Amino acid sequence: MFEGFTHCKIALSDAVLNVRYGGFGPPLLLLHGHPRTHATWSNVAPRLAAFFTVVCPELRGFGESSKLLDLPDHAGSSKRAKAKDCIELMGSLGFERFAIVGHDRGITGFSLPSRRNPSEPFLRIRMPGMAEKRPI
C-alpha cells in the first residue's frame with residue numbers, strides 16, 4: 001500500500017498528523033472522509049503520484065493522528081481546526097499553494113473561510129459524499 005511514498009508523523013502547532021506523501025509535480029492534498037483514514041486513497045494516490053506530489057494525511061481525531069482533548073466549544077475537533085492543520089502541513093512540506101481533493105467530510109473545512117476567494121492557498125475539488133449538500 002502506497003508503494004514509493006514516505007510515511008511519517010508530522011508535528012504541527014496543535015496536532016501530530018500521520019501522513020503519507022510521494023510523487024512529483026504540483027502538490028495535491030487528498031483528504032479522507034468520516035470514519036475513514038488516509039488508506040481511502042491507497043489505490044488512487046500511487047497513480048496520481050506520476051503527475052502530482054500527493055499528500056495523504058489522517059485528519060486529527062482519525063487513525064494514528066492526534067486525538068486531542070476537546071474544548072467546551074468543540075473548537076479542537078472542528079472542521080476549521082482540521083483545515084488549519086492541513087494548511088500548516090502543506091506549508092511544512094514547502095507548499096504555499098496546492099489543490100485539494102476531499103471525500104465526504106474531508107473537504108468541508110475548506111469551504112468555511114469563503115466560497116471563492118482567489119487569495120486562498122488552495123483549489124477545492126469535492127468528491128460526492130454526504131457531508132455537504134450545497135455546491136462549492
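We're numbering straight along the sequence, starting at 1. Note that the structure is predicted; figures quoted are calculated from it, not measured.
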Engineer: Please name the pair of heavy atoms, one in Leu48 and one in Leu28, separated by the smallest distance, quoted to 0.1 Å.
Structural biologist: CD1-CD2, 3.8 Å

Engineer: Can you confirm if the aromatic rings of Phe2 and His7 lie within a centre distance of less than 6.0 Å?
Structural biologist: no

Engineer: Determine the minimum heavy-atom distance between Pro57 and His32, stating which atoms define it.
Structural biologist: O-CD2, 3.4 Å

Engineer: Would one find more than 12 heavy atoms of other residues, nucleotides or ligands at under 6.0 Å from atom CG of Asn43?
Structural biologist: no

Engineer: To the nearest 0.5 angstrom, please state how far the CG atom of Leu93 sits from the SG atom of Cys8.
Structural biologist: 7.0 Å

Engineer: If every non-hydrogen atom of Gly25 is compared with every non-hydrogen atom of Thr53, which pair is closest and at what distance?
Structural biologist: O-OG1, 2.9 Å

Engineer: What pairs meet the salt bridge (Lys or Arg N to Asp or Glu O under 4.0 Å) rule with one or both residues in residues 12-32, with sequence neighbours excluded?
Structural biologist: Asp14-Lys84

Engineer: Any side-chain heavy atom of Phe5 sitting closer than 4.5 Å to one from Val54?
Structural biologist: yes

Engineer: Find the distance between OG (Ser92) and CD1 (Ile87) and round it off to the nearest 0.5 Å.
Structural biologist: 12.5 Å

Engineer: Got a second to check how far Cys86's SG is from Leu17's CG, nearest 0.5 Å?
Structural biologist: 6.5 Å

Engineer: Where do Ser42 and Pro46 come nearest, in terms of heavy atoms and distance?
Structural biologist: O-CD, 3.1 Å

Engineer: Can you tell me how far OG of Ser13 sits from CG of Asp85, rounded to the nearest 0.5 angstrom?
Structural biologist: 7.0 Å

Engineer: When rounded to the nearest 0.5 angstrom, what distance separates CG in Leu12 from CD in Glu88?
Structural biologist: 4.5 Å

Engineer: Quick check: closest heavy atoms across Pro27 and Arg97, and the distance to 0.1 Å?
Structural biologist: CG-O, 3.2 Å

Engineer: For Lys9, give me all partners under salt bridge (Lys or Arg N to Asp or Glu O under 4.0 Å), at least two apart in sequence or on another chain.
Structural biologist: Glu64

Engineer: Could you pull out the closest heavy-atom pair between Cys56 and His38, with the gap in Å?
Structural biologist: O-CB, 3.6 Å

Engineer: Distance from Phe62 atom CZ to Thr37 atom OG1, nearest 0.5 Å?
Structural biologist: 10.0 Å

